[in-house]
Structures are given as structure tokens and as C-alpha cells.
A.B. asks: 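Got a structure for you, questions after.
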Amino acid sequence: MISIKFPDGRVQQYEAGTSPIEIARSISDGLARNVLSAEVNGQEWDPGRPIHSDAEIKLFTWKDEEGKKAFWHSSAHLLAEALEELYTGIKFGIGPPIENGFYYDVDPGDRTISINDLEKIEQKMRELAKSKSEFTRREVPKKEALDYYREKGDEYKVELLQELEDGQITFYSQGNFTDLCKGPHIPDTGIIKAIKLTNVAGAYWRGDENRKMMTRIYGVSFPKKKELDEYLVMLEEAKKRDHRKLGAELGLFMFSDRVGPGLPIWLPKGTAVRSRLQNFLRDEQLKHGYQEVMTPHIGKKELYVTSGHYDKYGKDSFQPIHTPKEGEEFLLKPMNCPHHCEIYGNTPKSYRDLPLRISEFGTVYRYEQSGELHGLSRVRGFTQDDAHIFCTQDQLKEEFLKVLDLTKLVLAKMGFEQFTAQISLRDPEDKSKYLGSDENWDAAEKAIIDAAEEAGLETKTELGEAAFYGPKLDFMIRDAIGRSWQLGTIQVDYNLPERFQLEYTGADNKPHRPIMIHRAPFGSMERFISILIEHTGGQFPLWLAPEQYILLPINDRALPWCEEVKRKLAERDIRGVIDERTESIGRKIRDAELNKMPLMLIVGDNEVAEQKVSVRRKGEGDLGSMDLQSFSSFFEGLLMQE
RNA sequence: GCCGAUGUAGCUCAGCUGGUAGAGCAGCUGAUUUGUAAUCAGCUGGUCGGGGGUUCGAGUCCCUCCAUCGGCUCCA
């Protein structure tokens, strides 16, 4: 007999060799049906795998991340099984579960698999699932495993195997398919009731762009058909919030083939939103001791040679602009920092001048790879809410903390509560990618880690994600379909001050080198607004809305009063427009609702007579009539709530 | 940049195996002056992404370029 300890601390005796699923059955049949994965003494475990000694056990179902992971991982194997039946000799890379589903990377040889083939593959998967093949685990000696894949001719698996140690290699089989895999897997394929292959895409083998491109097939699966349907509906809903769609519909921004890809054009309404965001941040920054500057959109090539950007990105960027003068070259500015370094260096600095905080809504141009462009989120010309703080080593942590506060304030104002903070450090394996001395990097990395900890910020750390001149802390936020984007960023930089030979005179009357903090709470106006659109579904908070109200006259007799209302509200900084069309009131309301107009002011003969407006709020309906005084108060109240 | 897909009127989309482009909405014109999510009628509008080819004939087939979409790589 063995003792099994449950998460609640309860201990129960079972026969040696009992499996998690049998243990589950001893609790209830329902649980046994739903167990997808288990953990035994902290080790991932198949539900059907016998336990031979005392153990602590956890059982996972669809409700647990671990359960979903096993389910999707097993679905990937099912996909592979189907592919092997349909495409003889197909070779397999890796097939892991991901956040919402799974994929398998395959090499179909000289055949191509396109989305038109997915239906057929899905069919085969369903058919195989119905046979309820059990997933069986087998430990295999490395040599045997290598022989198996060499004979099969699957060089990808051979490569993976070569990196594994003998004694820890396991095969999982279901039906006629066997895969190198460390598990765990669900009991059998029959549990996979609903399958949707969503996409096929290219993916470099092992993420290396110099290696072969595999075909990656994405899919998602569920234990119940209903859950798949709900998921698909959710995806449809998310698509409606896509900023590219809403941006066009609401007339916020546009792109033009003639202007060029990745170069957003801001229309009046989008510009209104953007200006309000900028003014909001500008005011906050003034309160926080920033000084605003403006710098040109181009700079001599030498400027970026000095900064190091030319070396790092020169070839992959917009190429230099030439002038009639022989040998003269200018670059579109990819960064504002070199200009700001010049501003620092313009006059001699004393320690009394620090910290010096220089801000700019600076537009920069970067030649992003064509396949990377994405609406407003990834563009070739964009405006950073940039600032550079020059300070002493002693001031660094405090300044960093102040920036953290400002960034959090900005995100809170926008209602973004769900962000993650990522600390990006150097890749310890390959320091050649970075500029600057080890000591400076260590100091900078320590400053960020300490400050984040002191601020009580929950962070995850990524090695190798640092900028080439310094480590950074980024705020990441998700878009409508779950992709994560970097918004705000804070970066510590010892390198540029050195390259630009920046100095200040210390209290000791000797020259010292300042440290630079690069920071942008929004990140870029473009990307920030793209996320804002997706989070609000285009329904901006009242203070940001391009138009806060629309006056809807019921007939022409109401027009003069509408004009007067508009004038009087403008005096109170409430902005709006009049729908002067000779349409029915129903039509005007419908159009205003579709345009996501926050407030509709309906004016007919009654309102004119009483010098009032009938107020309707989007999504809420009729709120009754008000005179302008009470409307203003009502409006102020709405603003206060935001 | 790489893999796959898509590109028909301002928008959403139809157009079967090649036979000379169609709907709804939008727009324009006219009528209607309307009370909380679509008033009615008429009309305009497309070198079918660009270029090249096959063919008696191409929106439909082939090549190529461009743009967009989903990934990969990249992201100062």
C-alpha cells in the first residue's frame, strides 16, 4: 500500500501501482472522467501512469492551466497523427500547447499545406479522436530513439534527441502514431470532442531565420462542442474591436498606398484624440519637472555614428538622404536621444542642474520589416512621448521611481489595470550585442531591479531582451485578440552620455558623467492609441472623445436653438457637432449610436420652447430634458467619474 | 525579409467549370419636417490591386510586382 496525500492535506491509502485516474475514481466518477493531467511529487504525471510509492498528488481538469496544457498538447499529437496519415513521409518538428490552443511544426517535403487543407485534416482528427486511442508512455534508450527517427528519416527529431540525455527520453503513442515527448498526456483521444484548426503559417525551425522554414499548423480544441462555439464567438467579437477596423469606421486614421506602407495619416478625429492625450501627459510632465523641447526630423549621419545607432541599425534602416553638397548625408531620426544629448551639451552643467528632464513628442522613422507592419501598432513613422532624464548615480533610483509613478498614473488614467511589467536584461551568453562596460551594465541592471522591487511592481525578467545600450523595464498590454504589445518603457543608459562626452561639474569641482534615463509612458502615440481603441471598443472616455455630444434637431425650426446651444457649450469647453441632415430622428440617433457618440442632445419644438435639450446617453437611452446649466453639471459629473 | 492566404463600387460582399460585371449600405437629386437605433423614389458610381502572358475571348488560367491579413524572424 502507498500513502497518497491530497492538496487539502488529506492522506489516503491505495494499492501500489494505482494511477491518478483510479485515485480520481475513488473520489467520484465525475472527477475521473474529467482528469486531464496530474502532478505527483511535483512532477508532471499522466493520469494513467501508475504510482509506486508514497506521494503528494494534484489532479488537474479543464479548469486548471495544467489540464488545458495537457489537453492541447495531446491535441497536437492527434494533429500529428492525422497529418501522418494524410501526408506520407511528413516530418515533424515540435508541437507544443500554447496560450490558446496548440500548434505543430511540420515539414511536408515538396507538398504545401494551406488553409484549404485544414478542413480535411480536422476531419481526420475527429475520426481518429472517435477511436479513443489511449496515450501510452514508454521510456526509451537514446540509441533506440535515434534509430527510430533515423530510420523514419525525421532529421528534426534526431536533432532534438541529440540534445537530450539518455535515460530521460520518453515516447508517447496513440493509435499508429508515436512521438518523442516528455508528456504528460490526457488518458485518450476520445476526450477531444471539438477541434478547430485555425491557421497555417511559416515558422523557422528553432526560431532561427537562417534555418528551414517549417509549416506551422495552429489549432484549438475543447472537451465540449459548446466551448468551441463560445470561443469562436469570442474571437468574432474581438475582431470587431480591432483598431484597424474601428480606426477606419470612426474616421480616426488612414493609410495610403501612395504615401507608403506603415506611415499612418491622422484624420481630424484621430488627431483630436491624440492631441488630448498629449496635452494630458504634457501637463503631468510639467508638474513633474520636465522641460519640453522640439528637435528636427533629420540629423547628420555623424550624429548617429556618434550615438552608435548607425552601426547597429544603419543598413536595415531608411537610407541616408543626400544633398547637393558632395558627401553630405542626413538620416531620418530613428531616436530622439542623440538630439537631447546635444541639448544637454549645449551649456556647461553643474550638479545643481541635475536631474535635468527633457521631454519631446518626437516623431521618429524606422524601417520595420515589411511583414511586421501592423495597423498603428507597428509602423515606420511614429511619435514617441519621449523624455530623457540626466542625473547622477545618487539620483538614479529616485528618478527611476518617479518615472514608474508617472507611468502608472498614465496607465491608471486610461483604465489599463491589466498590464505586465517586464525587465529586460543583457543576454549573459552573448555580450557582444551590447555597447558599454560590464560595470556600467551591472550598475544599470541593479538600479532597475532595485527600483522595481522598491515600487512593489510585479515583474518578469527576460534575458537578452535589453536595448543595445542598456537594460529596460517595459509595460506590456494585450490587444483585442490577445497579442501582447510593449507600451511604456523606461531604460537606463550609461552609454550615450559617454559617447557624447556629457559632463557636469560636481560639488568637488571635478567633471563627472551623468546617467541617462530614456522613458516613454505611452511608448508611442500610435501604438498606445491602437491599444486604447481596442480596450474601449472605440468608445473613448468622455474627456478624450473627438466629439462629446451631437445635437439632433428634430426639424429645421430647432436649428437656431441648436446653434446657440453649441455656442454656449463651447464656452464651457464642451465640444460637439450638429446633425443638420433632414433625416428622421430615429435615423439620426441610430447613426450617432453607431458612431459611438457619447451624448446625444435631441431638440424639437418642446425643447426650443423651454430652452432645454433632451439628453440621451449612448448605450443607456433617454435621460430626460435639461436646461444648459443642469446639462453642464451633469456633464461635469460624468467627467469626474472617469 | 521568410511561409501561407487575400485583393471585384467609398464599405460589406455575390459573380459555377474562361463568353464581356451585380446586390445592400454609403453618395447624389427630388419629395418628406419627422420625438429616442434605418422615410420614400430616382440616379451616379468599377481599366475587377498594377504590369505582362496564354486564348478568338480573362474578374475567372499562368508569371511578376504592389498592398493587406495570419504567423516566423526582427523591434534603437
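Worth knowing before you read on, the calculation uses all heavy atoms, side chains too, and leaves out hydrogens, waters and symmetry mates. Chain letters run A, B, ... following the sequence lines, proteins first and then strands; every chain starts at 1.
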A.B. asks: Restricting to nitrogen or oxygen on both sides, can you table the protein-nucleotides 42-46 of chain B pairs closer than 3.5 Å?
C.D. replies:
none

A.B. asks: Take the protein atom CG of A:Asn595 and the nucleotide atom C1' of B:A26, then report the distance between them rounded to whole Å.
C.D. replies: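 Rounded to whole Å, this separation is 12 Å.
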A.B. asks: Side chain of A:Ser614 only, heavy atoms from C-beta on: which candidate in B:A37, B:G35, B:G1 is closest?
C.D. replies: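 Closest nucleotide among those given: B:G35.
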A.B. asks: Check whether any side-chain nitrogen or oxygen of A:His374 sits under 4.0 Å from OP1 or OP2 of B:U68, and answer yes or no.
C.D. replies: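 For B:U68, OP1/OP2 do not have a side-chain N/O of A:His374 under 4.0 Å.
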A.B. asks: Are a donor atom and an acceptor atom from the side chains of A:Gln491 and A:Thr489 found within less than 3.5 Å of each other?
C.D. replies: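 Present: a donor and an acceptor within the cut-off.
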A.B. asks: What's A:Ile115 touching, base or sugar-phosphate or nothing? Going by heavy atoms closer than 4.0 Å.
C.D. replies: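 Sugar-phosphate contact only.
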A.B. asks: Can you tell me whether the side chain of A:Arg244 and the base of B:C69 have a donor-acceptor pair closer than 3.5 Å?
C.D. replies: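 Looking at the base of B:C69, it does not pair with any donor or acceptor on the side chain of A:Arg244 (distance under 3.5 Å).
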A.B. asks: Would you say the base of B:G1 and the side-chain of A:Glu368 have a donor-acceptor pair closer than 3.5 Å?
C.D. replies: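 A donor-acceptor contact between them is absent.
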A.B. asks: Please determine whether a side-chain nitrogen or oxygen atom of A:Ser370 lies at a distance below 4.0 Å from atom OP1 or OP2 of B:G1.
C.D. replies: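 For B:G1, OP1 or OP2 has a side-chain N or O of A:Ser370 closer than 4.0 Å.
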A.B. asks: Under 4.0 Å between any heavy atoms, over every strand shown, what does A:Lys472 touch: base, sugar-phosphate, or nothing? Just pick one.
C.D. replies: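 Contact class for A:Lys472: sugar-phosphate only.
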A.B. asks: Does any donor atom in the side chain of A:Thr295 or A:Glu360 lie under 3.5 Å from an acceptor atom in the other side chain?
C.D. replies: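 Yes, because at least one side-chain N or O of A:Thr295 sits under 3.5 Å from a partner of the opposite role on A:Glu360.
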A.B. asks: Would you say A:Ser584 places a side-chain N or O within less than 4.0 Å of OP1 or OP2 belonging to B:U39?
C.D. replies: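 For B:U39, OP1/OP2 do have a side-chain N/O of A:Ser584 under 4.0 Å.
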A.B. asks: Just to confirm, is there a sub-4.0 Å distance from OP1 or OP2 of B:G71 to any side-chain nitrogen or oxygen of A:Arg483?
C.D. replies: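 So the side-chain polar atoms of A:Arg483 do come within 4.0 Å of the phosphate oxygens OP1 or OP2 of B:G71, strictly under.
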A.B. asks: May I ask you to verify if any side-chain N or O of A:Arg587 is less than 4.0 angstrom from the OP1 or OP2 atom of B:U36?
C.D. replies: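 Answer is no, no contact under 4.0 Å.
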A.B. asks: Classify the nucleic acid contact of A:Pro261 as base, sugar-phosphate or nothing, counting any heavy atom under 4.0 Å across all strands shown.
C.D. replies: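 Counting heavy atoms under 4.0 Å across all strands, the contact made by A:Pro261 is with sugar-phosphate only.
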A.B. asks: I'd like the P distance from B:U8 over to B:G4, given in whole Å.
C.D. replies: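 So the two P atoms sit 22 Å from each other.
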A.B. asks: Considering only heavy atoms and no angle criterion, is a donor-acceptor pair shorter than 3.5 Å present between the side chain of A:Arg206 and the base of B:C72?
C.D. replies: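 Result: no qualifying N/O pair found.
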A.B. asks: In whole angstroms, how far is the P atom of B:G35 from the CD1 atom of A:Ile585?
C.D. replies: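 Taking CD1 of A:Ile585 and P of B:G35, I get 9 Å after rounding.
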A.B. asks: Nearest of B:C75, B:G70, B:G4 to any side-chain atom of A:Thr112?
C.D. replies: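 Selected nucleotide (nearest to the side chain): B:G4.
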A.B. asks: Test of understanding: with side chain to side chain contact (heavy atoms under 4.5 Å, CB included), list the residues that count as partners of A:Lys618, not counting sequence neighbours.
C.D. replies: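 Expected list: A:Gln539, A:Glu593, A:Lys596, A:Met600.
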A.B. asks: Can you find a donor-acceptor pair, distance only, under 3.5 Å between A:Asp556 side chain and B:U33 base?
C.D. replies: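 Flag set: donor-acceptor pair detected.
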A.B. asks: How would you label the contact of A:Leu373 with the nucleic acid (heavy atoms, under 4.0 Å): base, sugar-phosphate, or nothing?
C.D. replies: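 Touches sugar-phosphate only.
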A.B. asks: Determine whether the side chains of A:Asp493 and A:His518 contain a donor N or O and an acceptor N or O closer than 3.5 Å.
C.D. replies: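 The answer is yes; a qualifying pair exists.
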A.B. asks: For A:Tyr469 and B:A76, is the shortest distance between a side-chain N/O and OP1 or OP2 below 4.0 Å?
C.D. replies: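 Checking B:A76 against A:Tyr469, no side-chain N or O comes under 4.0 Å of OP1 or OP2.
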A.B. asks: Looking at the base of B:U33, is there any donor atom on it, or on the side chain of A:Thr582, that sits under 3.5 Å from an acceptor on the other one?
C.D. replies: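 Flag unset: no donor-acceptor pair detected.
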A.B. asks: Any chance you could encode RNA chain B as dot-bracket? Rule is Watson-Crick or G-U wobble with both distances under 3.5 Å; [ ] for pairs crossing earlier ones, | for another strand.
C.D. replies: (((((((..((((.....[..)))).(((((.......))))).....(((((..]....))))))))))))....
A.B. asks: Is there a donor and acceptor pair, one atom on the side chain of A:Tyr204 and one on the base of B:G1, closer than 3.5 Å?
C.D. replies: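 Between B:G1 and A:Tyr204, which were checked side chain against base, a qualifying N/O pair under 3.5 Å is present.
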